[in-house]
Amino acid sequence: MNTLIKRLLLFFLIAFLFLLLLSRIDNIDKKLSQDNNIVSIKNKSKFDSLDILFVGNSYCYSGIIPEIFDSINYKTYNLGISTAGPYFYELLLDEYLAQCQQKPKSIYLLISPTTFSCLADNFLAYPIHRYLENSFTNEYIAYKYKEYNEYDEILQKSIRKGFSNIFTVGMKKNENFETLLSKGYCKSTQVYTSNILKSTQALYYPLRKDNFSEIKFKHLLNYLENLNKIRNIEIVLFDLPTNELKNYYNSNFISNYNFGKNILSKKYKFISLDSSLPNSFFQNIDHLNYSGAQIATNNLVRIILSKKE
Amino acid sequence: MLFNSFSFFIFLPIVYILYWVVFKNCSSSKNLLLLIASYFFYSCWDIRFLLLLIFSTLLDYYSAIKIFDSKTITQKKNWLFLSIVINLGFLGVFKYYNFFITSFAEGVQNLGFNFNGLWLLNIILPVGISFYTFHGLSYVIDTYNNKIRPEKDFIVYSLFVSFFPLLVAGPIERATHLLPQLKQNRNFNYTKTIDGLQQILWGLFKKVVIADNCAVYANQIFNGYENYSASSLILGAVFFSFQIYCDFSGYSDIALGSARLFGIELLKNFSFPYFSRDIAEFWRRWHISLSSWFKDYLYIPLGGSKVNKYRAIINTFIIFIVSGFWHGANWTFLFWGFLNAVYFLPLLIFGLNRKNLQIVSKDKILPSFNDFFQILFTFSLVTFAWIFFRAPNLSIAWDFVKHIINSSILTIPQDFPLITTVLVICFIIIEWISRFGVHPFQKTNKIKYVGIRWLIYYIFILTIILVSGKQQQFIYFQF
């Protein structure tokens, strides 16, 4: 029995260490990655002394065009990351604020139903914690955000990536990826059609059973309070047109979301850009295309200027 | 809790250590521990169904004692009848009620009558009900036939029904085989433990690497068969054949391996069925515990082979159709059973059903041409039948078959899954090499150097992690 236990421990220890090592080299290609989320994270440190830092999910990177703010001499950067919710916001902002020489005057934080979805902050699909300048381990993230159920899959993904990196990282070329994104904005000229609806609507069906995450909501409230009071940064919340998104959520979720949004808007400035736009301003069920982004960003510029006056 | 889940690989070592370290000297404590662990394992699905399991256990435990104590044959029969009716009653309500009522309504409507207001039950099928019901039935029937004496120790009997490796998808155990093992003191055995771990690893490989990857293409084809060429449909059906085999036999390997860790040997459930040279051999090698259950408790009571040819044919059809129906309440399963009976018929008529009793190409590296074509033919028949098993209803199954009969049969399959195909070919080669044993890792025991043995295990573990398909539930959990 003792022999067996000793051998098994040794066997699994070697296996565990080897797998852990593989999982740690999953991000060695981050400087060469062409993924727009990783490019966005990587480039954020180049944008310092900002007037506005936009933080949000994919609605943010497809809906806010920083270049439009150049015309009013506002320095901005769009730090939109797919599926971002309160946990992603915390990781991204903490790193950005630690890196920047001069903190931004304002942080504009996107709020949408998906922000407080249980499906938000998808560390499995978008393991951004591994691609930050000071990356976090999967174990730390699982512990910090109680993502224990997803941990095995997140680890497995890291191991796979680490293994493939051994063979592929030397073959990747360092290209000028800054051209891929324009200050974090991800341009799409696609126009929403019934064919796009047909081919993508199944992806949205899980939202029907989705629950509003109170834990994430409270996490964001606490975090924003910290940013606002301790770090003394102006926090502005905003939303964007999301086309048919709300039709996919159940009524309970939407009423909880509206309730939560109400609480947030009492504590912080809230700019609502959510207006009904025709399909031609969207690229799919819920994301703005370039025309839609121009309208939304120009509206935001107008509101900011009017408040300034 | 799935066998291929992270939680099971936390659960299993905890139970194992408690079993061999904490309760190592007491057989009854070991049984109690295994029973508690098994109930915990089962309640991870739905704790409400635990009550049903306990009720079924109590019923059979008490019935067997009453059968044994009965003074007259009538009393014995009454207790047996009561147990069978209640057991099958539960199975009927949970598994077949909705099927019967909708089929009846459809039948009545087809005759031109109006039938409104179906009383359908909105219930989910308790996991493993078909398996533990058959455990219990075999025990009660064996007691009635004086093959065994009723078990007085309720913990031992409950463990026989609920032992977690076999609880949700078999193998369907016999009291005569498992109860004596549970009653005797089990001592730690290093070789058996290693063998158990090897079989778990092989089972995981089959399930996670082969079955789950085959499932991706098979699901894609079966869900949109109208849009695919005939060659794609054939490949989809072949992949489903490997999916269902590796899924179920992989589960059985993990079950057998896990049980062996606790010093318990379960019945073998699969023995390289796709190397069978005829359908009779296939059924001696596929889901052995179910086939032998039906043979012992249905086929032989019906007269078995000791009846005239006409009666033997009817018995064969009954066995196969009931076996199909055991899998689920759908006409597809009934037809699948019927089709297998049709395949079996020529062998029965010409007395060839016991022709191939040994594993193919014994003491040879490669099969002869004759063996090879027999294997290929049998596999084709089995794969054709799996189409009906996999399809959601008979009309879709027939439509699928119609789409196969097409000129595009000679084209390259669409969305050809190269990696999965390579994996399946590697799997066939490994199975072929190891067909004289239980699992391929038995071959590694002959390797002198520990480092090389471990390297082989590490390669398999790494393959499981790197190449695993999207986690799918075991197919046989639905039965």
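Reckoned from all heavy atoms, side chains included, excluding hydrogens, waters and symmetry mates. Chain identifiers are assigned alphabetically (A, B, ...) following the order of the sequence lines, protein sequences preceding nucleic acid strands; residue numbering begins at 1 within each chain.
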A/Glu214 atom CD, neighbour heavy-atom count above 12 within 6.0 Å: no

Neighbour count >12 (heavy atoms, 6.0 Å) for atom OH, A/Tyr143: no

B/Lys183 atom NZ: more than 12 heavy-atom contacts under 6.0 Å: no

Residue B/Asn185 excluded, over 12 heavy atoms near CG under 6.0 Å: yes

Atom CD1 of B/Ile10: over 12 foreign heavy atoms under 6.0 Å: yes

With A/Leu22, the side chain to side chain contact (heavy atoms under 4.5 Å, CB included) member among B/Leu462, B/Ile465, B/Leu466: B/Leu462

Residues from residues 4-21 of chain A approaching chain B under 4.5 Å (heavy atoms): A/Leu4, A/Arg7, A/Leu8, A/Leu10, A/Phe11, A/Ile14, A/Ala15, A/Phe18, A/Leu19

Neighbour count above 12 (heavy atom, 6.0 Å) for B/Ile447 CD1: yes

OH (A/Tyr151) with more than 12 external heavy atoms under 6.0 Å: yes

Interatomic distance, B/Ser468 atom OG to A/Arg160 atom CZ [nearest 0.5 angstrom]: 4.0 Å

Contacting region of B/Phe9 [heavy-atom separation from chain A under 4.5 Å]: neither

